[in-house]
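Each remark here refers to the structure printed beneath this line.
Values in this document were obtained by computation on a predicted structure and should not be read as measured data. Heavy-atom basis, side chains included; hydrogens, waters and symmetry copies ignored. Convention: sequence-line order gives letters A, B, ...; per-chain numbering from 1.
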2 protein chains.
Amino acid sequence: MIKLTAQRQAILDMINQSNQHWDAELLARALSDAGHSIGIATIYRGLTALEKAGLIQAIHLGDKKRYERSDKAHHDHLVCRSCGSIEEFFDEHIEQRQRHVASQYRFQMDGHQLLIFGICQQCLKLSMKGEQS
Amino acid sequence: MIKLTAQRQAILDMINQSNQHWDAELLARALSDAGHSIGIATIYRGLTALEKAGLIQAIHLGDKKRYERSDKAHHDHLVCRSCGSIEEFFDEHIEQRQRHVASQYRFQMDGHQLLIFGICQQCLKLSMKGEQS
DNA sequence: GTCGAGAACGATAACCATTATCAATAATAA
DNA sequence: TTATTATTGATAATGGTTATCGTTCTCGAC
């Protein structure tokens, strides 16, 4: 259904080639650095089209929308409040209970988003070092 | 710590008096209807202050931030993609597993947000009616 | 090939939720 | 009272995203 133009292919390649969680601006810069000059509007439209086609997946992180490869299994995210890093996890128990909750409420679930906020291991270490001195 | 000015009290009252998930604009209109003329900037500042003080709680729903009473137990949300309604649920198993996952990753969790997307019971009924004709 | 329709592009304006600015006002402390 | 500090409200600015619009590309029909 989707038309994979050169621009969209470039966007898709960039996302597929890394494990990053891209936002539109980051992507625009990376594509520009890689020699592709793609208008920012085209990037937004491309991301929307690619997501709708299931070729990438999105997470809404409050401030901005981020995109990542969809060729990996479903997972949720641990978001560090300190450095902004995003770690992935998967827990079948949680998935299962979600389906259970939805059916309890006669709710036809078609997706979910679980964000766990806090401080990541690295930042914890750093802050402990800082406090020692 | 927080200074409960007349404006902030009005905002807090409005939120405490209902089970709605308020966004700034909705709140502004409701307050205006109730006879309070509060600047939109003051509403944003008030919401931020009240949230920081723990007097209300917020959920980030992609497009905009919504606020609700904090005098009720923690819960998560079922968000209807069709009518936009928000239903609440609580599942201790999910809470537990989240703590488990966080500790597994040596991640110091200080909060989370779980949104389950789909179609609510009411919208399902309506769409079934529509298909019959 | 080329004609025409429809999709996609790029530049840029517009949009919308939120935040910053700043002068005026209210609350608080000395 | 006076000085200090915080809050307010109007409005400008910000930032991410979407809409607009004229141009370009794609591709099937002829």
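Applying a 4.0 Å cut-off to non-hydrogen atoms, the residues of residues 6-14 of chain A that approach DNA chain C are Gln7(A), Arg8(A), listed by residue number.
dG10(C) atom P lies 13 Å from atom CG of Leu47(A), rounded to whole Å. Per the geometry, CD1 belonging to Ile43(A) stands 17 Å off C1' belonging to dA19(D), to the nearest Å. In this entry the distance linking CG of Leu4(A) with C1' of dT26(D) reads 14 Å, nearest Å.
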Practice prompt. Give the B/S/- string for nucleotides 25-30 of chain C, one per nucleotide from 5' to 3', where a protein heavy atom under 4.0 Å of the base yields B, of only the sugar-phosphate yields S, and otherwise -.
Written response: ------
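Side-chain contact between Arg66(B) and His77(B): absent, with no pair of heavy atoms (C-beta onward) separated by less than 4.5 Å.
For the residue pair Ala102(A) and Met109(A), the shortest heavy atom distance occurs at CB-CB, 3.9 Å. Nearest approach of Arg8(B) to Ala49(B), heavy atoms of both residues: CZ-CB, 4.1 Å.
The closest donor-acceptor contact from the side chain of Gln113(B) to the backbone of His60(B) lies under 3.5 Å.
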What protein N or O atoms touch nucleotides 17-24 of chain C N or O atoms at under 3.5 angstrom, if any, and at what distances?
from	atom 1	to	atom 2	distance (Å)
dA17(C)	OP1	Lys64(B)	NZ	3.2
dT18(C)	OP1	Lys65(B)	N	2.8
dT18(C)	OP2	Tyr44(B)	OH	2.8

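Around atom CD of Gln122(A), no more than 12 heavy atoms belonging to other residues, nucleotides or ligands sit under 6.0 Å away.
For His93(B) and His100(A), the distance between ring centers is not under 6.0 angstrom.
If you check the side chains of His21(B) and Glu88(B), you find a donor sitting under 3.5 Å from an acceptor.
In this structure, Thr42(A) reaches the dG10(C) phosphate: one of its side-chain N or O atoms is under 4.0 Å from OP1 or OP2.
Between Glu68(B) and the options Asn16(B), Ile59(B), Ile56(B), a side-chain contact (heavy atoms from CB on, under 4.5 Å) holds for only Ile59(B).
When the side chains of ILVMFWY residues are joined at heavy-atom separations under 4.5 Å, either directly or via intervening members, Ile38(B) and Ile2(B) end up in a single hydrophobic cluster. Tyr67(A) and Met14(A) end up in the same hydrophobic cluster when Ile, Leu, Val, Met, Phe, Trp and Tyr side chains are linked at under 4.5 Å.
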